[in-house]
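In the text below, chain A, chain B and the rest are named by the order of the sequence lines, each starting its count at 1.
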There are 2 protein chains.
Amino acid sequence: MIDVKAPFILYAQAEVFYDGRACSTLEIGNYLIIHKTDGALLIEASTKTTPRNYQGPGATLEQRAHILISRRKQETIKIVIHKLHSISYLSNWSASNIIITKTEKELVNKIIDNWADYVPGEFVTIQQEFPTLLGPVDIVGVDTNRLHHVVEVKRKNISVPHVSQLDRYISAIRDIGEDAVGYIAAPNIGKNALAYCATQGFQYIKVDF
Amino acid sequence: MIDVKAPFILYAQAEVFYDGRACSTLEIGNYLIIHKTDGALLIEASTKTTPRNYQGPGATLEQRAHILISRRKQETIKIVIHKLHSISYLSNWSASNIIITKTEKELVNKIIDNWADYVPGEFVTIQQEFPTLLGPVDIVGVDTNRLHHVVEVKRKNISVPHVSQLDRYISAIRDIGEDAVGYIAAPNIGKNALAYCATQGFQYIKVDF
DNA sequence: ATTTGCATGTCGACT
DNA sequence: AGTCGACGTGCAAAT
């Protein structure tokens, strides 16, 4: 009846039961059921971006009478189909990924290329991906007084956890016996994050694409 | 002509451009485009659960020649349709929500709400998601003797690794100089896990939905 | 209206 | 296979 090997979109009156990390029930109604080539399964209702129920890549689909069962690891979705309105198998469905531009790296490059505009002083080195025990910092500039200017860059809004992250980087650099001051750079910053910066003595660098 | 007021699913050869919190491009290919009654828009490819591009509820859709434009706040999606394979308008598409049951959180709440039934004693604080170096513990109650009652909750059966996890949490709390006793709570527990609990001096709390 | 924290988060990178 | 961090996170509840 349904080719569970092929990708398809199915519009049907159905009810859905999920068991796995939690349990859920979706009451009987008309839903859009999407089966992808990698086994992913979506049950979409008429509102919101996120599906009502879903199963990730690698799920296996089988049919028993008017019931579709998708299994993946410890998770199971059971779709009871009461009335099949339409089904259509998609051929040559693309799997391309989006390409994101305006990346963090782009901002990092802009700051380094125009370093003097953002951080005044005489600098000996400006280094990207400066290694610390907690992982690499985006940019660290060392001035003639050996003071480390630590810049953490985000491509969108800065929130409190990002400032906290900078705080830990600063600590890590001070732990190795270097003096350091902190900067956080992004197109925007949240109010709380800005206040947090003030308490920590960090400076916000507004940088746009 | 596409009825941009109605909910529909559209299979087409298209390319997609997004601008908003970031920028993205999706190369030309065959994609499934879903327009929901609340304005939400999804561009689905043949793999993965998450859509390649999307727009949340409240977005407005308009058509200009062979280009669909969805706008929402500061975000824009432009879909250039090269070849329309099929379009279907969904009638009586349900908006029902799922009902979630049997989550770990539900059990955690039940234990906290009825704390005295599960853990006897005089308590100063009862804290959820108690932070440790190994991550948060579900519940920690501190009694008048400063003894920490550490409760790890699972939504199904407890097996040996879960008890081992509790063991590590207890160690982490003792490492910060606090005295601690362990409890593990779930609807069921395996025989080996129960024996392991006995050796470690942990207590099993049976809790049901 | 804004902020906070959870999610069946998903997903990719790295160990 | 597990862990970690980012995400155009989305989403609902609390403030």
Side-chain angles (χ1 to χ4, degrees), chain A residues 16-26 36 38 40-44 47-59 70-78 97-105 134-136 138 152-162 164-165 168 186-188 190-193 195-196 209, chain B residues 16-26 36 38 40-45 47-59 70-77 97-106 108-109 128-129 131 134-136 138 155-156 161 165:
Chain A
V16 184
F17 303 92
Y18 163 78
D19 189 18
R21 279 170 277 190
C23 288
S24 77
T25 60
L26 179 61
K36 297 192 175 185
D38 65 352
L41 183 74
L42 310 174
I43 292 105
E44 299 278 359
T47 62
K48 298 179 191 170
T49 57
T50 52
R52 293 301 187 272
N53 290 99
Y54 56 89
Q55 196 81 275
S70 171
R71 288 178 203 278
R72 182 185 187 250
K73 297 181 182 175
Q74 299 293 325
E75 302 182 291
T76 307
I77 286 180
K78 204 193 310 187
N97 288 308
I98 62 170
I99 294 164
I100 299 235
T101 53
K102 296 191 178 178
T103 60
E104 182 179 300
K105 184 139 189 49
L134 298 174
D138 291 323
E152 183 62 22
V153 181
K154 294 294 162 192
R155 60 185 290 275
K156 45 158 189 163
N157 287 26
I158 288 163
S159 57
V160 170
H162 299 140
S164 176
Q165 183 184 15
R168 294 195 302 276
N188 283 294
K191 196 176 293 182
N192 292 342
Y196 188 14
F209 289 102
Chain B
V16 184
F17 303 91
Y18 162 79
D19 190 17
R21 279 173 276 190
C23 287
S24 79
T25 59
L26 179 61
K36 296 191 175 186
D38 64 353
L41 183 73
L42 311 175
I43 291 106
E44 299 278 358
T47 61
K48 301 178 192 169
T49 56
T50 52
R52 292 301 187 272
N53 288 102
Y54 56 88
Q55 197 79 275
S70 172
R71 288 178 203 277
R72 181 185 186 252
K73 298 178 181 173
Q74 298 293 325
E75 301 184 290
T76 307
I77 287 179
N97 288 307
I98 62 171
I99 296 165
I100 296 219
T101 55
K102 300 186 181 176
T103 60
E104 185 179 297
K105 186 141 185 50
E106 197 177 326
V108 169
N109 289 338
Q128 284 186 49
E129 297 289 316
L134 299 174
D138 291 323
R155 62 178 289 272
K156 278 187 170 174
Q165 183 184 16

Task: Euclidean distance for C1', C:dC6 against D:dC7 (whole angstrom) - done: 15 Å
Task: Separation of the P atoms in C:dT8 and C:dT4, to the nearest angstrom - done: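 That atom pair is separated by 22 Å.
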Open item on the list: At less than 4.0 Å, is any side-chain N or O atom of A:R21 found next to OP1 or OP2 of C:dG9? Yes or no.
Closed with: yes
- [ ] Check whether any side-chain nitrogen or oxygen of B:Y54 sits under 4.0 Å from OP1 or OP2 of D:dG8, and answer yes or no.
- [x] no
So what does [X] hit on the nucleic acid, given a heavy-atom distance under 4.0 Å: a base, only sugar-phosphate, or nothing?
| X | result |
| --- | --- |
| A:D19 | nothing |
| B:I98 | base |
| B:Q55 | base |
| A:K73 | nothing |

Open item on the list: Going by the rule side chain to side chain donor-acceptor pair (under 3.5 Å), which residues pair with B:K48 if we only count those two or more places apart in sequence or in a different chain?
Closed with: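 Side chain to side chain donor-acceptor pair (under 3.5 Å) check on B:K48 returns A:N97.
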Task: By side chain to side chain donor-acceptor pair (under 3.5 Å) - contacts of B:N53 (at least two apart) - done: B:S24
Task: Selected nucleotide, minimal atom distance to A:E75 side chain, candidates D:dA6, D:dG10, C:dT8 - done: C:dT8
Task: For A:G20 against A:E75, the heavy-atom pair lying closest together - done: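 Heavy-atom minimum between the residues: CA-CG, 3.9 Å.
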Open item on the list: Can you list everything that forms a salt bridge (charged side-chain N to carboxylate O under 4.0 Å, His left out) with B:K102? Sequence neighbours excluded, please.
Closed with: none
Below 3.5 Å between N/O atoms, which protein atoms pair up with nucleotides 4-6 of chain C? Just atom names and distances, please.
| unit_1 | atom_1 | unit_2 | atom_2 | d |
| --- | --- | --- | --- | --- |
| C:dT4 | OP1 | A:N192 | ND2 | 2.7 |
| C:dT4 | OP2 | A:N192 | ND2 | 3.1 |

Please list each protein N or O that sits under 3.5 Å from an N or O in nucleotides 11-13 of chain C, with the distance.
| unit_1 | atom_1 | unit_2 | atom_2 | d |
| --- | --- | --- | --- | --- |
| C:dC11 | OP1 | B:T49 | N | 2.7 |
| C:dC11 | OP1 | B:T49 | OG1 | 2.8 |
| C:dC11 | OP1 | B:T50 | N | 3.1 |
| C:dC11 | OP1 | B:T50 | OG1 | 3.3 |
| C:dC11 | OP2 | B:T49 | OG1 | 3.4 |
| C:dG12 | OP1 | B:K48 | NZ | 2.3 |

Identify each atom pair where a protein N or O and an N or O of nucleotides 13-15 of chain D are less than 3.5 Å apart, giving names and distance.
none

